[in-house]
Each structure stands twice: as C-alpha cells, then as structure tokens.
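Values reported hereafter were calculated over all heavy atoms of this structure, with side chains retained and with hydrogens, waters and symmetry mates removed. Protein chains get the first letters and strands the later ones, always in sequence-line order, with residue 1 at the start of each.
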Amino acid sequence: MSAVESQGVALGGLEQAELPVARTARRRRPTARSLTLRIVGTVFVLALLVFMVGPIVWLAVRAFSGLWQYPQFLPSDWTLQWWRTVFDDKTLGHSMRLSFEFAPIVTVASAAICLPAAYAFSRFNFPGRRVLLVSLFATNAFPKIGLYISMAGVFYSLNLMGTFLGVVIVQLIGTIVFMTWIPTAAFSAIPRSLEEAARDVGAGPLRVFFRVTFPLAAPGIFVAMILSFLAAFDEAQGTFLVGIPNYITMPTEMYTLVLNYPEQAAAVFSILLAIPSVVLMSLARKHVMGGKLAEGFQIR
Amino acid sequence: MVLPPVAVVAVFIGFPVGAAIAYTLGKTGGPNSTVSLLAQRQHVAHHGVTTAAYREVLGNSHVRADLWATVWVTLVTIAVVVLLSWAIGLYLRLSDTRISRIVSALSVIPLFIPVVIASYAILTFYASQGFIKTLAYHLGWHSFPTLGYTLWAVVIGEIWVNVPFGVLMMSSGLNSVPNALIEAARDSGASLPRTVRSVLLPMNVIPTVIVATFTGIYVLGSFTVPYLTGPSAPNLMGVSMANFFSAFNQPQQAEVMAMIVFVLAIGIGTIYIWANVRAAKRASSTT
Amino acid sequence: MKARLLAIAVAVLVFVPAAFSAVDAGGSMHAAKKANAGTTIVVYASGDVNVQNLWQNNIIPQFEKANKGIYVKFVFSEHGTQDGTTLARIGAAVKGRHWPGIDLVDGGLVTTMASAGLNQPVKKATAPNLKKVNPDLLVPVKGNAIPYRGSSVVLAYNTDHVKSPPKTLQGLLDWIKANPGKFTYNSPNSGGSGYSFAETVVDSFLSKSVNTQMVNDYVPNLESNWKQGFDTLHGLNKYVYQGVYPNGNAAVLTLLGQGQIWVAPVWSDQALTALKNGQLGPNIKLSQISSPSFTGGAAYLAVPKTAKHKKVLYKFVNYVLSPKAQQMIVDVMAGFPAIDVKYMGDAIKQKFQDVDANILRQTYNTKMQNDFKAQWQQTVP
C-alpha cells in the first residue's frame, strides 16, 4: 500500500466523513469547456432521475387515472374510484399486518443470534474463521427453489411446519449474511484499546460491551438491521412453504394483486405497499448513506 | 458463540443442499424419496451415481440458450450498475449540494419497492404504450422499438433493482476517503479525472468488487423480473428452473440447473474472496 | 432531533407488532376467534381471482351458515406461483404422515397429486352427490380427485376492430396471419387459456384414437405425433403480438383490455368476471370456434391422505357438489356445473340446452400436459 493510502487509512474515521469537500472547491471563470461539462452533467442527472424514479411515478399516476389514451402524457380523466375499490378489499389488510409482524421479529431474533457470533468473528482469531464466514455466504447462493422439498422434510421432522417459529426461522435464514458480516466489520473497527481501558477501570465484560463497544458499532449494526428487515419483508416462497395455513404474508398476495386487477387498481396497491418503506428510508437515510456499509463486506 | 447462525444455516440449508446434489446424481432414496415420487422423466441411479441428468440438461440447446442469456444479462447488468454507482457516488462525494443529495436519495428508492411491484412498474414504463414510447412519439419518432418483453427490459429491470445497493456501497466507500487526500491531489495540479483515477479508484477496489459480486449473484438467480418483463424465449435460468420444477414436473432437471447456477455464483464469490484476501495481504504487508 | 425521531420510529415498528403477536399467542387473530368452538378445516385454492371470489365470498360463507360449528379457513395463491411450494409441502407431509396444513386442495396441482398417490379417494358412500357427477370426468384422475366445476376456453374479440370473429380453428389461424401483431396467447406453462389454444392446434393434426389415448393415459411414445402442430405454432411467431407469449392468463386479459391485441383465447369464467369488474371494456365479446373447439376441462378437488377431520371434509365436498353450490358456480363465476344439468333448476337446464357437447372437449392426462408444456417451450418461441 502506498504512503498515500496508509495515511488515508490512518485518517479515515467517523469525523472525517462529515467534512464536505465543496468548501474547498476552486473558483474558476466559466470556460466553454466547463459550460459543456455542466450541460452534459445536467442532462445526465435528468436522465438518471427519469430512469430511477420514472417507472414508479408513471405507475403512481395511473392510480388516479380514469381514461388514458396513448400517446398522451397524462390521463384525460382523473378519478379516485380505484382507491375505493382497493379499500373495499378486506383480505389485503390481514396479510399486510402479518408481514409487519414477522419482519421486525425476525430482525430482532437475527440480531440476537448473529451479533454474538459477529463479535466472536471479529475479536477471536480461531481456526476456520474465514471458512465459516465464507460458507455462510456461499449457502445463500444456492437457488432456493431447488431446496423446498428437502427443507419441508427438515421442518416436518422438527415439528416446525405451520408454526410461528418456523416462519421466523425461514425468514431469518435470508438475513444471516447481513447480520454476521456487517456487524463483524463494525466491531472490528473499534480499537481494542478502548475496551481494555474500560476493563482496566473495573467494568465487567457485559458492561464494557454495552457502554463502550455497542454504541460505537451501532451505525453498522443499524444498517445490517435495515437490510435484514427488507430481506425478511420480501421473503415470499419459503414463508408460504412453512406458513400455510395461518401465516400468509404480503409478498404472496402481491402477485395476485398486481396481475389480476385492472392496471389502475394495481397502481393503487403499489403506492400503498411502497409507502412504509419510503418513510423508513427517509428517516434512516443519513445513517445508511455515507456510513460504514462498504467496510461491512470486507473479510479481514 | 459462533454456533447459532452456523447451526441454523447448516441444518436448514446445508442439509437440503446436500440432498439436492445427491438427487441430481440420481439418488432417489432417503430425503429425496418425496420428490422422486412426484417427478416424471427422472434419471435414477441404480448403483452409485449417474451423470445422465447433467448430460440431458447440458445437451439441451434451449437450456444452453437460457444459460447464455443469463450470463450476458448478468455481465451487462454488473457493468452498468458499477458505472452508475460510481457516477452517483462520485457526484455525491465531490459536490455536496442539495441536488446531489436529492439525486442520491432518489437513486436508493428501488431498494424499498417490493420486487413484484418494481417489475410491473418497469414493464408498464417500457411497454408499447408506456412512457418511453410516448416520449419518443412526441419527439417525432413514431416507431421507436418497444423494449417491454425483451431481454433489454430484463436488463433495465435488473439494473434498476440493483443500483440502490451499489450506490450505498460506493458512497460509503468513497466517503471513507479523507478530504485531505483529494485536496492534496488537486493542489498538486491534478485534474478531476486524474484525481479520480489515482486516488479514489485504487482505494475503492473492494467496494467495487462487492457491488459487482452481489449484483451478479442476484441476477443469476433472479425470477420475478424476467418472469414479468422478459420474452418467452430465451428465459433466464431462474424462470427456466421454475418451469422445469412446476410446469413440466421435472424437478431433477430443475435441480441440475440450480447446481449450474450455484457453481456460477460460487465462481463470482471466489473472485470476491480473492480480491479481499489480496487487499488484506497488502494491508498487513505495509503496516 | 432527527435521531430521536428515528429511534422512535424503529421502536414503534419493532415493538408494537411484537406486542400484538405476543397477545395473539401464536395464532392469527381470525383463526383464534373462529376456532374456539367447533371444527376448522382448511381449504387451499390456486387460481385466478374469480376462483378466489367463488370460494371466499360464496361457497364458504353459505356452507358455514348452513353448518353452524364448522369453520372453513381459506388460503389462496395466485395461479401457479406457489404450486411447486405447496406440492412440496403436501408431498413431505403425506410421506412423513404429518398434517399438511391443508385439508382440501383446488388447483392445477391436484392432478399431479393424484398421479403421485397423495390423495384420499372419496367414495360415493361418504359424499353421495358424487353420483350426480358426469362419470367421464372421473376417468383421467382414476377416481382420486373430485371434479367440481367445468370451465371452457373461448375466443375473446374486440368488436371495435373485429366485425365478425373467425368460427373455425383454420379461420382463426388465417385471421392471425392476416392481422399481424393483434393476437397472442399466454405461454402454456403459465396459464390454461394459452395452453388450450396450443393443444387445440396440435390436436387438429391428431387422429381421434391417438387423442383419446392422450386424454386417458400417459403415453410418451406417441408424442412424436405432436410435431406437425408444433411446427404450425412455431410458424405463428412472427404474427403474434411482439413475438411474445406473456406469462399468465391475466396478462393476456390486460393486453386485450388495453386494446393492444384484438383477439385472444381466454377462460370463459375469467373473461366474464373481467367484463364485470372493468378489466375488459364493453367492446369485448366472446365466441366459440369449432373443428376442433378449444379444450376445456374440469377443475378438481383433492383431499390429501393425511388431512384432518375427514368426516367434516366429506360433508363439505358433498355440499360443493350439491345443486345449490353448483348454481353458485354458474351464477357467480359463469362456469359449468360438474353435475349433470338434469339435477339443477329449470333456468340452468334451459341455458345449457343449446350448449354443444364439444364445449368441454377434454384435455390431456396431467403427465402428458407436462410433457406438452416442456416441448412447447423447446420448439415454439
């Protein structure tokens, strides 16, 4: 590693990430070249916005549209009738509620079993450490559709079929990679000297963990929890396999909703389903962007 | 302390994976007795193992076409996602204005849209009466090709779904490069592209590899996006597997395809591990 | 301030639902309320939304009203998307002698279950209304499944653009070539309406005896007879809408409703429901073709061998086959009754008097269907 890089590593830290670079931007008189660059940049940003946000906006407009003929940009007739149709449908509410019940519980359970493991991976250099970390990652790469029959057999023999715990386990499996790798890196980034110092003044190991280690690792753990929440929320087939008959969550309903109703009703469903996620995102954005996510996936 | 997550994965995934591998080699007893009861057109191994199932699947020219389609869609998606993530990440890093923050926030939205909705939105947007065609019409281009139901719609859909993770990863990686370094480079007269190439790029090889790896693995096994937006043939492996498993009632062939996808995914994963090990070695050798 | 807000949001998201479900004590709220007294049976249906409506809003509430103390829990999944998973569940359960979580199954997977021996045969002694069922429908499943309604595929057409629809299969094929891009059908692996069109084209080249054998048995050695039909279908590629065969019956209905295609094969009951809820406009009408007609078929119910409360279950099955419930199938879903019309009311007898016996032209044995779908995927698109 060059001297520049090592200096970078030494300086890299939470405080550094906060300073904006813009303050040190050079001021130059606008030249033809920089003007062209500006135009290109603006076009690029516009195209990007259309690409990323366009499909959702296009669909969302349909939720309010009556008559819409090609090639008009907007409907010629606006209406709220589709919202009424959707709210009259009673089945949607139940599965939505179930989805919101399972995902948080799975996230918390995943944290409970994976965080101690993450701490061990980060602090103790035991043999096979790297192999285990990698195998947690590798087993998720096998397409799950090929596994359902055998998984059903395992769940039956453990009496977990159709139970709340069974569904939690199925969803939890998909979150393990996030909940081990990212917190491992978060813990590794905390200097041991801090923990040792705390222990030197007489704090017990649990106290050290909760007062020193955990708060510093919190942003990384938080990111892991968000990604796990989303993974559990979106889990469809495994949940269906184990959850019949009492625990059918939302992703299963979504195929029906989106494919079987007129486009406008599907658009209404889409908006309703996207709202909670977007709200969560706007609150969490600061921690998730510009945070320590990248370090979470490095094997040391 | 490490045991709980490892045990969960070993029991609920590791064991079924082992059973699946045995099934592809023709072992239809034990844990595979249920699936072999339901299946048709299987190759059973009476002594030892048989590679007949593999030979049948790999010898099928349509499956090979599906495989090729999956591979090129994956490669194109990886390339575009990496480029876009870098572009948005750099934009956020180098010009911290309100606009750049809005752009980066918006580019993360797809992460929170359930994939069924996302696929449906992409299909409608690029369909023959969708936004792109409408825009082209108003710009005078009346017979702009329709992208819906083609592999390009699948590529666009996969890119759309994977950009958020890429942006999160790259912005995180780029942010950990201290300002002092960038300023030092600029002060010594380096132009912006040169700064990017010499300072930011080398320090962000790992996040780039992460984005490429996760995107690749996702697209390889992807089902919903190609199912809703793609053509009738060739299909991506995820859709083809589902067809063999359910519609054609040939689970053994489906498992063989799952193994192929698994091997490809492991291949990508190996690149990732190699990159990490190399970086860790370099880190430890110079401190 | 923002961090506080965030912490509160997280706390709400995590702890409130967790508290809810702790109160729930491991069961869904509905089931807990209902299952306190009496027996609960679980019915699973896989299909399109008109099937969901039939069970959820008609047959089940009426049954529960007539049989106090019996509760029916209904689980539904969109046509085909969870069939593989459900089959895995039932297969593993029957093999290990556990309860599969489902007592009665309605959907395409029933015939696969029958051929795998997972079903409990239902006898006429326990469900007397079985005697009223057309015996031809019991042959393909060898008595291991119960036919409960019939459905046929019809031709839907857009009256704004198509003044008089084709009346024969050949006429339809000619129309398709004369109007490129205005017709399509869904891929056979994803929906029955498209499957029916494909099979009908292939059947037009088969002799009656070969066709009958394929209906009644699994005869893979006869599959070479399909070649001509598949070549014809392959030849249609450049004439169908965008050269694509969308996934799912509903996708084709959407294209038809948007006016992107003008003619398509559709399930009669699904189309009538779509006309009612606005997915298809009033300019869409339905018609039949002949020589040969589209296949139709019975929809079957199955009782897994390890289902619970079998006596109650047979009572339910008997109810589904009663003239009262079969009337619902005709009125609500515009389907065909599985029992002979002579047992039903005069209005029904009148309605089906003019119906050509060809309408319910039977489709192949399940394993033949699976091979058909595989070959279609390999040779056509």
Side-chain angles (χ1 to χ4, degrees), chain B residues 16 19 30-41 56-57 60-66 116 119-120 123-124 126-130 133 145-151 153 223-235 239-251 253-254, chain C residues 78 80-96 108-109 111-113 115-118 181 184 186-191 195 218 220 237 240-248 251 254-255 258-260 366-381:
Chain B
N32 291 322
S33 47
T34 317
V35 69
S36 50
L37 188 66
L38 297 163
Q40 60 195 81
R41 294 194 176 268
E56 181 197 333
V57 171
N60 184 331
S61 62
H62 295 270
V63 173
R64 286 203 306 269
D66 292 343
V116 177
S119 310
Y120 188 62
L123 180 66
T124 344
Y126 293 93
S128 58
Q129 289 183 353
K133 288 273 284 196
T146 305
L147 293 174
Y149 293 125
T150 64
L151 282 176
F223 172 81
T224 309
V225 173
Y227 183 78
L228 288 175
T229 66
S232 300
N235 284 312
V239 176
S240 207
M241 266 191 278
N243 277 338
F244 272 87
F245 210 89
S246 308
F248 312 156
N249 195 24
Q250 297 181 23
Q253 286 78 349
Chain C
E78 167 65 14
T81 52
Q82 298 282 15
D83 275 357
T85 321
T86 315
L87 204 47
R89 172 80 184 250
I90 296 177
V94 171
K95 204 88 206 322
L109 65 162
T111 42
T112 311
M113 284 167 62
S115 58
L118 296 174
T184 190
N186 61 269
S187 57
N189 22 306
S190 63
Y195 172 85
Y218 182 45
N237 281 346
V240 303
Y241 173 76
Q242 282 192 247
V244 75
Y245 304 102
N247 287 318
T254 306
L255 287 175
Q258 289 172 344
Q260 309 223 37
T366 306
K367 286 196 168 155
M368 292 302 287
Q369 286 185 40
N370 296 332
D371 284 353
F372 184 90
K373 292 176 202 166
Q375 284 205 31
W376 182 91
Q377 182 67 41
Q378 315 289 338
T379 57
V380 175

Chain B heavy atoms under 4.5 Å from [X]: which part of the residue, side chain, backbone, both or neither?
| X | value |
| --- | --- |
| C/Y241 | side chain |
| C/K367 | both |
| C/F372 | neither |
| C/Q378 | both |
| C/L118 | side chain |

Any residue meeting ring-ring contact (aromatic ring centres under 6.0 Å, His included) with B/Y149, in chain and number order, not counting sequence neighbours: none
side-chain contact (heavy atoms from CB on, under 4.5 Å) involving C/S187 - partner list, sequence neighbours excluded: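 Partners of C/S187 under the side-chain contact (heavy atoms from CB on, under 4.5 Å) test: C/N189, C/S190, C/Y245, C/N247, C/W376.
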Verify, without hydrogens or angle tests, whether [X] (side chain) and [Y] (backbone) share a donor-acceptor contact under 3.5 angstrom.
| X | Y | result |
| --- | --- | --- |
| C/Q377 | B/S232 | yes |
| C/T112 | C/T366 | no |
| C/N237 | C/V380 | yes |

Residue selection (most heavy-atom pairs with chain B, distance under 4.5 Å) from C/V244, C/L87, C/L109, C/T85: C/V244
